[in-house]
2 protein chains.
Amino acid sequence: MSPYDPSAFPPFAVTVDLVVLTVRSHALCALAVRRGEPPFQGRWALPGGFVRDDEDLSSAAARELVEETGLRAHDPDAPAQANGAHLEQLATYGDPKRDPRMRVVSVAHLALAPDLPAPRAGGDARSARWAPVEALLHQGGYGREDEQAAPLAFDHAQILADGVERARSKIEYSSLATAFCPPEFTVGELRRVYEAVWGVVLDPRNFHRKVTGTPGFLVPTGGTTTRQGGRPAQLFRAGGATLLNPPMLRPEV
Amino acid sequence: MSPYDPSAFPPFAVTVDLVVLTVRSHALCALAVRRGEPPFQGRWALPGGFVRDDEDLSSAAARELVEETGLRAHDPDAPAQANGAHLEQLATYGDPKRDPRMRVVSVAHLALAPDLPAPRAGGDARSARWAPVEALLHQGGYGREDEQAAPLAFDHAQILADGVERARSKIEYSSLATAFCPPEFTVGELRRVYEAVWGVVLDPRNFHRKVTGTPGFLVPTGGTTTRQGGRPAQLFRAGGATLLNPPMLRPEV
DNA sequence: GCTGTTTATCGTCAGGCAGACGACTATGAT
DNA sequence: ATCATAGTCGTCTGCCTGACGATAAACAGC
């Protein structure tokens, strides 16, 4: 068998779709764009686009991320955060019927970003917005009448759910939660990230003990801030550690 | 912009490649096939093939797995093991230069299988064999002169390394290690799986306490065996639990 | 200035779990 | 019978977590 006989394989279109997550006003939100054309015209979808002919998958994802948000993706091996987002491959979706018109395989990527001012419209002027993931995933069940009542286009609800689940589990055993924070942040801000992503309430004292006691997780910058009100809090940057051992435990139920 | 203008996207070939792992004689082994044609003719590679026009990615991976090993993949939602392997998507590799002849995107899958009698040659009579992952990954550094001295074809060394890393981390917090065992197995056999995959030695007493004390991990069948020598050991099947909480801890270093 | 509110931070205590390791059991091999 | 090999049950100690009390340092309003 010649697995590479150029006439022997069916042609596919390959796209990257992005699950871009952030934490806004105590809720986990995802970036959604409104489709301007069929199929699913007028419906919300995840941002994405075709992989170019000379482009790696991660490059295509980084390019789409810049186009949609202006965020530059970190090099995973680069120091801590500059002002970029964490970007990693999530999974690949290739059901033959996922796009009604042609065979499209989508390599979904997950991006975690700090709270951004506002999504900028894509170069093609599609509208874009941040929406709480709960609203994007549980549509139709609440009798809501607004524009978001329709489920996401294609299989994007599944992709989003997988991305959210990845984020939820990954902040347990890695320092990825800091990707949701600005370059300098307080322990309380980091705790609110965990609370928003997991949808739980954490004990501030035990959380503080845990994160400050894990070597390499946080490094104090020396500064303090009162932007959250109350007693001034120390500012930290993300330390070099990427894996938390032992992990942060997610409360049950 | 029309992301689906049929003339606006470059065509890709899409393949699935398989990282099939098993534990044989106390070593973690992977299935490798010898390439019969250029490029990389004569070199070892991971089994794989094209995704068909009407086929889902997971179906293609399951089909390749049957063709290469005769193993039927579990339905992830099916009961415990029948005589199949665990199969899950691993990651997707799409470097523009990963195949010298054309643009190929490969959706790699990870399969975990019990020790099999012997790999059966593919329908196209390629030769296939189990090889310790260390030998497949660390070629050239040991001055070995045998047929395996050449590194794997394409980017398959990277794919294999990623698959091994996935398996190593996933048996920490899931019951996946039982996928390496026959339908009925002893605690000692399961422990040898962990030892082979992690490349460590575990304390038999603490391991026994851990796995028998985790609800839903193992269910006794009532039988015993002495196939490992020594005192007869209880036989178990995999229980319904898929997530281990708290996880099995991998010894450091 | 005083008081109440908010958030941050430090401490204490009990329970659970893991690592280290002793002890005993039940087989087969010599 | 003795030994070697595995399996299984216990004990002890230290670490970590969850629950929660207490103190500190800011701001808002009176």
Below 3.5 Å between N/O atoms, which protein atoms pair up with nucleotides 26-30 of chain C? Just atom names and distances, please.
{"from": "dA26(C)", "atom 1": "N3", "to": "Arg231(B)", "atom 2": "N", "distance (Å)": "3.4"}

**Asked** Whole-Å distance between dT17(D) P and Arg250(A) CZ?
**Response** 16 Å
**Request:** Side chain of Arg192(A) only, please: which of dT7(C), dT17(D), dG7(D) is the nearest?
**Result:** dT7(C)
**Message:** Does any part of the side chain of Val197(A), heavy atoms only, come nearer than 4.5 Å to the side chain of Leu21(A), both counted from C-beta?
**Reply:** no
**Prompt:** Okay, side chain of Thr69(B), backbone of Val66(B): is any donor-acceptor separation there less than 3.5 Å?
**Reply:** no
**Message:** I need the CG-C1' distance between Leu244(A) and dC16(D), as an integer number of Å.
**Reply:** 14 Å
**Prompt:** Does some side-chain heavy atom of His156(A) sit less than 4.5 Å from a side-chain heavy atom of Pro151(A)?
**Reply:** no
**Asked** Rounded to the Å, how far apart are Asn245(A) CG and dA18(C) P?
**Response** 13 Å
**Message:** Assess the residue pair Val193(B) and Cys181(B) against the criterion (side-chain contact (heavy atoms from CB on, under 4.5 Å)); give the C-alpha distance rounded to whole Å, side-chain angles, the decisive distance to 0.1 Å, and a yes or no.
**Reply:** CA-CA 8 Å; Val193(B) 165; Cys181(B) 295; 3.8 Å; yes
**Request:** Grab the CZ-P distance between Phe207(B) and dA6(D) for me, whole Å please.
**Result:** 16 Å
**Prompt:** Does the side chain of Arg192(A) reach to within under 4.5 Å of the side chain of Val23(A), using non-hydrogen atoms?
**Reply:** no
**Asked** Taking atom P of dC15(D) as reference, at what distance in whole Å does atom CD of Glu252(B) sit?
**Response** 13 Å
**Asked** Would you say a side-chain N or O of His208(A) is under 4.0 Å from OP1 or OP2 of dA8(C)?
**Response** no
**Request:** Provide, to the nearest angstrom, the distance between the CE atom belonging to Met248(B) and the P atom belonging to dC17(C).
**Result:** 14 Å
**Asked** Is a donor on one side and an acceptor on the other found under 3.5 Å between the side chain of Arg72(B) and the backbone of Ala85(B)?
**Response** no
**Asked** Between Met248(B) and Phe207(B), is any pair of side-chain heavy atoms under 4.5 Å apart?
**Response** yes
**Request:** Ignoring backbone atoms, establish whether Lys210(A) has a side-chain N or O less than 4.0 Å from OP1 or OP2 of dT17(D).
**Result:** yes
**Asked** Does Gln228(A) or Thr212(A) map to a spot on DNA chain C nearer the 5' end, using the closest nucleotide for each?
**Response** Gln228(A)
**Gap between atom CG of Leu57(B) and atom OG1 of Thr92(B) - 0.5 Å precision** = 7.5 Å
**Nearest-angstrom distance from the residue atom CG of Leu235(B) to P of dA6(D)** = 17 Å
**Message:** Looking only at the side chain of Gln234(B) (C-beta and beyond, no hydrogens), which of the listed nucleotides dA18(C), dT8(D), dT7(C) gets closest?
**Reply:** dT8(D)
Polar pairs (N or O, both sides) under 3.5 Å between protein and nucleotides 11-16 of chain C?
{"from": "dT12(C)", "atom 1": "O4", "to": "Arg209(A)", "atom 2": "NH1", "distance (Å)": "3.4"}

**Message:** Distance check needed: dA8(C) P versus Leu218(A) CG, whole Å only.
**Reply:** 14 Å
**Message:** Heavy atoms only, 4.0 Å cut-off, all strands: where does Arg227(B) land among base, sugar-phosphate and nothing?
**Reply:** nothing
**Request:** In plain terms, say whether Glu184(A) and Arg237(A) are close enough for a salt bridge, that is, a side-chain N and a carboxylate O under 4.0 Å apart.
**Result:** no
